[in-house]
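Below, chains carry the letters A, B, ... as their sequence lines are ordered, and counting in each starts from 1.
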2 protein chains.
Amino acid sequence: MTTLTNVTDSATAKGEQTRELILSTALRLFREQGYGKTTMRAIATEAGVSVGNAYYYYGSKDHLMQAYYDLLQDQHREAVEPVLAAERAFVPRLTGVLLTWLEVAAPYHEFAGTFFKTAADPKSPLSPFSDESRPAREASIEIFRRLVEGSDLKVPAELREELPELLWLLQMGVVLFWVHDQSADVRRTKTLVNRAVPLVDKLLRLTRVPGVRGVTNDLVGLIRSIKP
Amino acid sequence: MTTLTNVTDSATAKGEQTRELILSTALRLFREQGYGKTTMRAIATEAGVSVGNAYYYYGSKDHLMQAYYDLLQDQHREAVEPVLAAERAFVPRLTGVLLTWLEVAAPYHEFAGTFFKTAADPKSPLSPFSDESRPAREASIEIFRRLVEGSDLKVPAELREELPELLWLLQMGVVLFWVHDQSADVRRTKTLVNRAVPLVDKLLRLTRVPGVRGVTNDLVGLIRSIKP
DNA sequence: GGGCGCACTTGAACATGTTCAAAAAGTCGG
DNA sequence: CCGACTTTTTGAACATGTTCAAGTGCGCCC
């Protein structure tokens, strides 16, 4: 990306190597002792570099978290493939996608709270609504677009169009619940998913009932009117 | 609370005075320069006390924010009185309560993001779901209970029971939206409230339609199954 | 080979939230 | 008013995220 040398690609390669070393060390320490207790100094020492060097690659401690989140997204995208390939019905598709996320994110549950803390700040680049995280967000919404398009779900066209984003919002809600879930093996969150998805399905099918149609249109209108 | 002296009530009075001095100074500085840019040293200096003294009364900078939030709650509770006294119909009642919150919180919009940031951390005592903030939360839910009970709304009994908590959740959602709203005079949030409330109203009235009844029961069941 | 430029690296210095042992101020029974 | 006890106050010390001016090394051109 930066140098065009091709003999050994050393310049770029070395930098990338350091970058990855720092990230993997950071993630390991986050997992082992939590975000709060992991100091930038510890990360640097453990990785065998200086503190300043870590900042050369990652503008802040939060950016290391951001990088972790991107990784998580990728893993989720990958892990979701078999589900989308195997199922056609809406309920198992959505349940699968949400439960898969829980599985992928499980090792990080303990410090995910701190992640959310940072993410909730509108000024933070990590906010799920920020410009800076747009690529990650859109990649995530893309999963839900495929989920909808490949499913047997029948809903009014306007609603279908907004659905991926709405399902993404649903996932944000699930994540918020998950972060606060202290039950063993996050059983409560799993219950939430398993029971909420059929409910969402029922609701979506109801949108075709005449009496409900008006509400659906209102909803779509509302969504469109508040988009930035 | 601590001493029973009544001659001048000096001991307690002096302590309380210092406590209030620190809080009001902090809130002023938060408003003037934002949460992040206000240092504990600045608060102490401005209030004419030592840094340690601020920590004697407030365990952390976040606790000063917590105190602010409690104040906000109180103001909201008060400001909402006329609305609940004047209106009987559900839509204006709910719209009024939500818009009133926006009004009361307006002066703090700029630094409210940082507040939410802290609040989103499940480990933080400021989390709206935490034990430590239970009193504030319940006081807030109480407003919605009165809103529902004094209204002309007709919904199934089980749902009505859960409604105050659900409306409180709705408010959390509005607040989240508000925090991220950068439009002038938070017009988008106001639009959201004005359009979402009638929609909620329609939805609630639909719960009495036979075909929808099943979904309502599912919803109530879901809510009860995931409560801690 | 020598030097120029750039990517990379360093570690000390800084800013700020937080802690804490000690001092000061206040209270009260005698 | 004294001395013991409690409440309040102090400010220096600490921990940690972040910045930055100064290196270090590597590739490339003459």
Side-chain angles (χ1 to χ4, degrees), chain A residues 1-23 25-26 29-30 33-67 114-115 117-118 121 123-126, chain B residues 1-23 25-26 29-30 33-66 114 117-118 121 123-126:
Chain A
M1 205 64 111
T2 42
T3 310
L4 299 181
T5 326
N6 206 11
V7 189
T8 57
D9 214 7
S10 59
T12 304
K14 183 135 175 278
E16 281 315 299
Q17 214 174 310
T18 309
R19 163 180 250 115
E20 276 158 34
L21 174 64
I22 291 168
L23 178 59
T25 306
L29 292 183
F30 287 166
Q33 18 179 276
Y35 183 78
K37 281 181 190 153
T38 305
T39 70
M40 289 300 283
R41 281 165 185 78
I43 295 171
T45 305
E46 194 78 2
V49 301
S50 71
V51 191
N53 203 4
Y55 278 93
Y56 180 74
Y57 289 104
Y58 297 94
S60 72
K61 199 181 173 186
D62 286 350
H63 278 77
L64 281 166
M65 183 96 88
Q66 167 79 290
T114 321
F115 170 72
K117 167 178 172 147
T118 318
D121 182 358
K123 280 172 228 137
S124 161
L126 276 84
Chain B
M1 200 68 108
T2 41
T3 310
L4 297 182
T5 326
N6 206 12
V7 187
T8 57
D9 213 8
S10 59
T12 303
K14 182 133 177 280
E16 282 314 300
Q17 214 172 312
T18 309
R19 162 178 251 114
E20 276 159 35
L21 173 63
I22 290 168
L23 178 59
T25 306
L29 292 184
F30 287 166
Q33 19 180 277
Y35 182 77
K37 282 181 190 152
T38 305
T39 70
M40 290 300 284
R41 282 165 184 78
I43 295 171
T45 305
E46 194 78 3
V49 301
S50 70
V51 191
N53 202 4
Y55 278 93
Y56 180 76
Y57 289 105
Y58 297 94
S60 73
K61 199 181 170 186
D62 285 350
H63 279 75
L64 282 165
M65 183 95 88
Q66 167 79 288
T114 320
K117 166 177 172 148
T118 318
D121 182 359
K123 280 170 227 138
S124 161
L126 277 83

Exercise. Of all residues at least two apart in sequence or in a different chain, which pass the ring-ring contact (aromatic ring centres under 6.0 Å, His included) check with A:Y35?
Worked result: A:F30
Seminar exercise, completed: Reading nucleotides 10-19 of chain D from 5' to 3' and marking B where a protein heavy atom lies under 4.0 Å of the base, S where only the sugar-phosphate is that close, and - otherwise, the string is BB-B--BBBB
Problem set entry | Sequence neighbours excluded - salt bridge (charged side-chain N to carboxylate O under 4.0 Å, His left out) pairs with any residue from residues 52-65 of chain B | none
Exercise. So what does B:Y58 touch, heavy atoms closer than 4.0 Å: a base, only the sugar-phosphate, or nothing?
Worked result: nothing
Seminar exercise, completed: Hits for side chain to side chain donor-acceptor pair (under 3.5 Å) against A:S60, two or more places apart or cross-chain, chain-then-number order -> A:H63
Exercise. Who pairs with A:E20 by salt bridge (charged side-chain N to carboxylate O under 4.0 Å, His left out), at least two apart in sequence or on another chain?
Worked result: none
Exercise. Are OP1 or OP2 of C:dC8 and a side-chain N or O of A:T18 less than 4.0 angstrom apart?
Worked result: no
Exercise. Between B:Q17 (CD) and D:dT8 (C1'), how many Å, whole number?
Worked result: 13 Å
Return all side-chain donor-acceptor pairs below 3.5 angstrom for residues 45-57 of chain B, not counting sequence neighbours, or 'none' if the list is empty.
| residue | atom | partner | partner atom | Å |
| --- | --- | --- | --- | --- |
| B:T45 | OG1 | B:R41 | O | 2.7 |
| B:E46 | OE2 | B:R28 | NH2 | 3.3 |
| B:S50 | OG | B:N53 | N | 3.2 |

